[in-house]
S.K.: 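Starting off with a structure, shown below.
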Amino acid sequence: MSNDKEWKRKLLRDMVVIRTFEETADKLTLRGKVAGGMHNSSGQEAVAVGTMSALDPKDVIATTHRSHHHTLAKGMDPKLVMAELFAKATGCSKGRGASMHLADVDNGNFGGNGIVGAGVGIAMGAAMGIKQLGHKKVSVGFVGDGGMNTGRTWEAINMAVVNKLPFICLVDNNQYAVETFIDRVTGGRDIAKRGAGFGLPSFTIDGQDVLKVNRYVKEARDRALAGEGPTLINALTYRYYGHNVGEKGQYRTQEEIADWRDNRDPIDRFSAQLISEGLLSQDEYVALHAEVTAQINAAVEFAEQSPYPDLSTIYEDVDSGLLGAKS
Amino acid sequence: MSNDKEWKRKLLRDMVVIRTFEETADKLTLRGKVAGGMHNSSGQEAVAVGTMSALDPKDVIATTHRSHHHTLAKGMDPKLVMAELFAKATGCSKGRGASMHLADVDNGNFGGNGIVGAGVGIAMGAAMGIKQLGHKKVSVGFVGDGGMNTGRTWEAINMAVVNKLPFICLVDNNQYAVETFIDRVTGGRDIAKRGAGFGLPSFTIDGQDVLKVNRYVKEARDRALAGEGPTLINALTYRYYGHNVGEKGQYRTQEEIADWRDNRDPIDRFSAQLISEGLLSQDEYVALHAEVTAQINAAVEFAEQSPYPDLSTIYEDVDSGLLGAKS
Amino acid sequence: MSTQTETTRNTLPSYSEAFQQGVREEMYRNESIFILGTDLIERGGHFAQVRGIAQEFGLERVKDSPISEAAMVASGIGAGMYGCHPIIDLNFIDFSLGAMDEIINQAAKIRFMFGKPVPLVIRATSGVALGGAHHCNSLEVLFAHTPGLSVAVPSRAYDVKGLIKTALRAPDPVIFLMHKKLSGVRGEVGDENVLIPFGSAHTVQSGKDAAIITYGYTVVTAQKAAAKLAESGVSIEIIDLRTLYPLDEDAINETVKKFGRVVVADEAPLYGSITGDIASTATEENFKYLKGPIVRVGGIRAPISAHPQSAEAAIPTVESMINAVKKVLAY
Amino acid sequence: MSTQTETTRNTLPSYSEAFQQGVREEMYRNESIFILGTDLIERGGHFAQVRGIAQEFGLERVKDSPISEAAMVASGIGAGMYGCHPIIDLNFIDFSLGAMDEIINQAAKIRFMFGKPVPLVIRATSGVALGGAHHCNSLEVLFAHTPGLSVAVPSRAYDVKGLIKTALRAPDPVIFLMHKKLSGVRGEVGDENVLIPFGSAHTVQSGKDAAIITYGYTVVTAQKAAAKLAESGVSIEIIDLRTLYPLDEDAINETVKKFGRVVVADEAPLYGSITGDIASTATEENFKYLKGPIVRVGGIRAPISAHPQSAEAAIPTVESMINAVKKVLAY
Ligand SMILES: Cc1ncc(C[n+]2csc(CCOP(=O)(O)OP(=O)(O)O)c2C)c(N)n1
Ligand SMILES: Cc1ncc(C[n+]2csc(CCOP(=O)(O)OP(=O)(O)O)c2C)c(N)n1
Ligand SMILES: [Mg+2]
Ligand SMILES: [Mg+2]
């Protein structure tokens with residue numbers, strides 16, 4: 001029970017870390033600190049934290065252009081993420097990738113991606129590697145609602161099904177692709193039904209409910225480890241900000257945004273639940289926020305203080321150089 | 001009624017033309033007359049003839065590497081097809097395409113394709129063109145069971161659904177992709193269920209029943225013309241010969257082949273039906289075969305007598321040359 | 001006509017607006033032109049390249065697409081064969097990698113295989129800028145190398161408008177590459193009757209001592225290098241190819257003959273870039289006029305970093321252009 | 001060991017069998033190697049390149065795939081990053097066009113972006129032969145141009161085996177192109193310890209008067225041309241590059257210096273082919289040694305026809321090679 005309390009408080013904290021990170025990074029981006037902009041995931045925290053809390057730290061993920069939340073939830077120090085956004089040499093990708101290309105492959109984060117749909121394939125491939133080497137792990141490929149219309153996504157899902165790979169396709173379904181509403185471009189409008197057609201257990205769930213996401217991912221993981229193959233989880237969620245920093249657009253109403261923010265915010269919901277369950281006091285919640293804010297401020301400080309990549313390094317690590325080595 | 005009789009006899013004749021053409025071409029290929037080989041569709045005639053008989057001659061099709069049956073059913077003179085197989089200048093593609101690249105774009109045949117899945121996209125694009133220009137036509141994209149695992153096929157289907165295009169995806173499902181049995185590589189194993197997931201009416205039908213194919217395509221065409229969008233038809237069929245000429249392989253049993261040939265042959269079934277319905281006499285059927293054989297022999301003769309492309313033409317028709325024209 | 005409206009605004013159109021203008025004018029002339037891509041209707045495309053066109057011509061002529069690059073290009077091919085003249089807007093050229101079969105195997109080859117033209121413009125932004133490795137591919141050679149494709153690489157508003165108008169009047173598949181860093185650059189454009197033929201290079205500036213042959217954003221870098229060199233009395237001619245296929249071989253040959261000292265530059269990774277072909281063919285045809293070898297300048301053999309200075313350092317700089325010119329001047 | 005078995009057969013292995021041998025030997029050494037592609041298990045691949053391997057190593061090491069080229073390559077990338085060394089068999093290289101993003105944006109760039117190697121071999125048959133436009137693309141420059149990719153283009157059994165063994169020991173994505181017309185050609189192969197480094201050209205024959213630098217099937221055409229020329233006393237050196245990246249620049253520079261009369265040839269459409277880079281770089285570095293310009297021979301700017309003679313006429317012939325050599329001899 002005390003374990004459960006700690007665990008739930010950790011989930012809440014992880015979501016607050018993401019939210020605080022994103023809102024901080026958003027402002028810094030508007031101030032020109034993040035070259036190329038960033039894709040804010042505020043509102044989608046429960047999908048990331050619900051998923052990652054159901055995984056083993058050694059499980060694999062691969063993700064999308066919108067990946068701060070996944071990356072932080074997967075356990076990366078916010079310092080390394082912020083430094084990467086700043087394109088600093090101390091960032092997780094040495095400043096080469098910035099916001100879209102966060103990775104820590106050795107710790108199971110196979111990276112964000114500038115190409116819609118590509119992460120699903122890479123995660124599926126990792127699942128093939130896991131199965132090949134006989135390991136007891138799973139691999140999760142994140143993809144947006146928009147990415148469910150790229151053909152490669154379905155090729156990857158099919159490959160996972162026929163090879164019974166330990167794979168989970170996690171649709172971070174925020175209902176918009178840039179400014180395009182899902183229903184306008186998604187034949188059938190029901191992503192889980194598409195999944196069922198490809199022969200894998202497929203569920204549409206409330207992505208604002210961190211425990212629900214956790215439970216579905218856990219069950220999917222158990223099936224995968226039991227050799228039963230992949231699962232598709234279509235998690236309904238919402239992003240509060242524009243597609244990229246600073247973007248507004250007329251493609252959705254302020255009422256719609258307010259509705260999601262006010263009535264379904266995953267952090268508000270979960271903190272209220274913990275408080276009502278007596279697992280957290282209001283004071284503790286305030287303290288948590290303060291603590292997280294300090295942590296994120298330290299990350300900003302770290303990023304600010306860090307050096308940019310040395311320009312001499314731009315030639316490095318393109319290939320191993322070993323192929324041409326005369327033995 | 002006499003119309004119906006003529007119409008049904010025409011369906012039968014069209015199937016016999018295909019079968020006779022294929023069996024003749026197969027032997028000629030084994031004798032080295034068809035460079036690069038050919039993909040024999042014997043056994044799949046009802047899919048082609050059932051579909052084409054439900055279309056208007058001006059409707060559009062695009063097809064696959066296995067396209068003799070579609071091309072002949074669409075109305076191309078066997079002479080032009082045979083000459084193309086022989087890579088003769090008189091062939092429908094001037095000898096440039098041989099077996100895989102039969103086309104007659106101006107008459108609605110947007111071509112065979114060396115690339116699995118590509119024809120579906122082209123046919124979908126034609127449907128977009130039809131809708132764009134406000135014409136009352138449909139476009140049919142043929143694809144094999146194997147092609148239903150290429151991502152592009154699903155991209156095209158989705159594009160057709162969300163734009164309500166006058167499009168029919170016709171799966172010539174002979175259950176094998178080269179030597180690979182459909183169930184081994186097709187997640188969910190049910191192509192119509194996949195289609196349903198993408199939001200279009202999807203049907204699995206007996207592809208050996210020419211009238212059934214005709215009926216489903218006709219209904220799909222009516223829906224398309226009524227502005228209701230695309231349909232997927234998964235027609236179960238079988239190819240009697242190897243993937244390419246001369247190939248045998250151990251991937252299926254002789255019993256399986258014999259079962260399809262002896263018990264479900266589309267021509268045998270339909271001719272027996274016409275005879276039992278009194279629409280055709282045994283003598284007439286024999287005569288029909290003789291007539292068709294003569295026609296195909298004439299096609300071979302035409303192909304044999306035709307010249308090869310002049311080598312000086314290899315530079316021609318790569319582009320219009322108009323872009324660089326100083327006006 | 002829209003041209004009038006633009007002109008009376010009394011501010012020159014940007015590179016992106018020049019595209020809008022050219023497309024609009026052609027859409028009035030030819031009802032079969034339509035545009036398909038992501039986020040075109042409300043947003044007007046990621047670089048505002050079609051802003052307002054949906055509102056002006058209606059949703060039948062400007063269509064938002066699912067994120068399905070293969071199906072987008074296939075739409076363009078099928079509709080083009082059927083009788084339309086589609087513009088497929090791929091947003092970033094990097095995303096064309098998801099439609100390469102449609103582009104290289106289908107669009108490019110159909111005319112040859114079936115004797116049927118495929119009028120089709122594939123528009124995308126290109127070039128090295130922000131965004132990192134997945135948004136900064138320089139893929140020019142992939143297209144230029146493919147028989148059946150033509151490739152436009154305009155460097156200024158005037159050429160954008162004149163070239164897109166030409167593209168929309170010829171029944172060929174055209175890859176139309178607009179450099180991100182030029183999107184907002186304003187400049188004169190021609191009136192509705194100005195069409196620029198493909199394969200006609202533009203002399204950006206005449207010079208006396210040596211020439212730089214280039215295209216796209218590298219024209220700007222070349223101009224900066226030339227300006228610096230001018231300070232020390234060196235006079236550089238700059239040739240903007242404007243299209244990579246057809247290529248203005250006459251202009252290249254004349255330039256090589258005139259100077260014998262030539263630099264060819266672009267920002268694609270040097271090895272295997274189209275500059276290799278330009279230099280080697282020009283050398284083969286004009287060897288005796290060369291005072292020394294043609295010098296090539298290009299990108300390094302590495303993906304492009306999201307760190308802006310690293311990205312800039314990976315492609316031709318004013319400095320590396322000056323060095324190359326000095327090399328040919330030293331012959 | 002399998003090598004023994006092959007040798008005692010007392011007939012030399014074919015080009016395809018050399019691939020089988022190399023792969024088998026490496027599969028014994030490295031358990032993480034697996035092969036994924038269409039029709040590999042029963043059929044052994046369309047060119048018998050993996051025949052018998054599934055039977056020998058089991059279905060976990062040789063997997064049949066759906067027709068999903070993007071997912072095949074993605075499998076190889078993810079599994080490679082995870083710790084395997086996958087061989088993705090794409091059958092014909094033409095089909096790689098359906099996996100170009102995976103190859104160019106992902107496999108090639110991951111090491112640079114994330115500091116993680118992607119050990120991965122993408123094997124395919126290539127080259128102009130039968131089958132027409134969709135089965136005869138020469139895409140070498142697309143891969144060679146891409147930073148992060150290496151490209152092998154062996155012309156004989158010995159090199160197939162030695163190069164695939166090297167590829168399977170280095171943690172890099174390698175495009176391994178086997179020419180269709182060479183599949184059945186038999187020849188010596190090295191024993192299990194013979195690894196051929198990439199970037200090491202092979203002197204097919206030494207000569208005195210001029211050199212042809214080439215690779216793949218064009219080596220055979222060059223040999224035929226050289227034999228004809230030998231009849232009239234002309235002695236030609238032939239350099240087989242064996243890999244297009246890394247490129248054996250030393251061998252190229254030496255050859256240019258030695259002869260000053262050089263032909264560079266391959267069968268890709270000439271404009272934008274990798275020969276442009278080879279010739280222009282060699283010219284830039286060795287200008288003063290050149291007696292005249294390097295002459296390039298390549299394919300015409302057109303898709304490849306299914307009519308065999310038309311296809312042959314579209315690529316370098318013995319005659320066009322002889323003409324090119326005569327051109328450089330005339331300097
Ligand atoms: C292949 C490809 N096409 C287009 C883009 C441009 N693009 C970047 S993000 C995006 C929208 C993605 O929407 P979705 O998958 O729903 O993810 P979200 O942004 O909502 O997280 C688009 C179109 C891209 N990066 N890659
Ligand atoms: C993209 C692509 N991948 C692979 C191939 C090689 N190939 C040609 S036909 C074929 C099998 C196709 O199976 P299916 O779609 O069922 O059609 P069928 O041959 O049964 O008519 C394969 C794998 C190809 N032509 N194109
Ligand atoms: Mg979304
Ligand atoms: Mg099949």
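Reckoned from all heavy atoms, side chains included, excluding hydrogens, waters and symmetry mates. In what follows, chains carry the letters A, B, and so on, assigned in the order in which the sequence lines appear, proteins first and then strands, with residues in each chain numbered from 1. Please read these numbers as outputs of a predicted model, since none were measured by experiment.
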S.K.: Hey, what's the ring geometry for Phe19(D) with Phe176(D), parallel, tilted or perpendicular (30° and 60° as the breaks)?
M.R.: tilted

S.K.: So for Lys63(D), is it side chain, backbone, both, or neither that comes closer than 4.5 Å to the heavy atoms of chain A?
M.R.: side chain

S.K.: For Val120(A), is it the side chain, the backbone, both, or neither that has a heavy atom closer than 4.5 Å to a heavy atom of chain D?
M.R.: neither

S.K.: Would you say the side-chain atoms of Tyr28(D) and Glu56(D) include a donor-acceptor pair closer than 3.5 Å?
M.R.: yes

S.K.: Could you verify whether a donor N or O on one side chain and an acceptor N or O on the other, from Lys137(A) and Tyr82(D), lie under 3.5 Å apart?
M.R.: yes

S.K.: So which of Gly76(D), Ser68(D), Gly148(D) has the largest heavy-atom pair count under 4.5 angstrom toward chain A?
M.R.: Ser68(D)

S.K.: Can you list every pair that meets side chain to side chain donor-acceptor pair (under 3.5 Å) and has a residue in residues 108-120 of chain A, with sequence neighbours left out?
M.R.: Asn113(A)-His134(C), Asn113(A)-Gln106(D)

S.K.: Heavy-atom distance under 4.5 Å to chain A: side chain of Ile110(D), backbone, both or neither?
M.R.: side chain

S.K.: Verify the distance criterion only: is there a donor paired with an acceptor across the side chains of Asp172(A) and His69(A) at less than 3.5 Å?
M.R.: yes

S.K.: I need the residue from Ile196(D), Ile77(D), Asp101(D) with the largest number of non-hydrogen atom pairs under 4.5 Å to chain A.
M.R.: Asp101(D)

S.K.: Report which part of Leu149(D) has an atom under 4.5 Å of a heavy atom belonging to chain A: side chain, backbone, both, or neither.
M.R.: neither

S.K.: Quick one: do the His179(D) and Ser155(D) side chains pair a donor with an acceptor below 3.5 Å?
M.R.: no

S.K.: Ignoring hydrogens and geometry beyond distance, is a side-chain donor-acceptor pair present between His85(D) and Ser32(D) at under 3.5 Å?
M.R.: no

S.K.: Is Val318(A) in contact with chain D via its backbone, its side chain, both, or neither, using a 4.5 Å heavy-atom distance?
M.R.: both

S.K.: Select, from Ala70(D), Gly115(D), Ser65(D), the one with the greatest count of heavy-atom pairs under 4.5 Å involving chain A.
M.R.: Ala70(D)

S.K.: Taking the side chain from Thr153(A) and the backbone from Asn149(A), do they hold a donor-acceptor pair closer than 3.5 Å?
M.R.: no

S.K.: Name the option with the most non-hydrogen atom pairs under 4.5 Å to chain A; the candidates are Lys116(D), Glu31(D), Lys109(D), Glu60(D).
M.R.: Lys116(D)

S.K.: Side chain from CB out, backbone as N, CA, C, O: work out which of these in Val118(D) comes under 4.5 Å of a heavy atom of chain A, or both, or neither.
M.R.: neither

S.K.: Taking side chain as everything from C-beta outward and backbone as N, CA, C, O, which of these in Glu69(D) sits under 4.5 Å from a heavy atom of chain A? Side chain, backbone, both or neither.
M.R.: backbone

S.K.: Please classify the contact between Ile130(A) and chain D as side chain, backbone, both or neither, with a heavy-atom cut-off of under 4.5 Å.
M.R.: both

S.K.: Picking from His135(A), Lys94(A), Glu316(A), which has the most non-hydrogen pairs under 4.5 angstrom with chain D?
M.R.: His135(A)

S.K.: One thing to verify: whether Arg242(D) and Asp248(D) come together as a salt bridge, which I'm taking to mean a side-chain N less than 4.0 angstrom from a carboxylate O.
M.R.: no

S.K.: What part of Pro147(D) lies closer than 4.5 angstrom to a heavy atom of chain A: side chain, backbone, both or neither?
M.R.: both

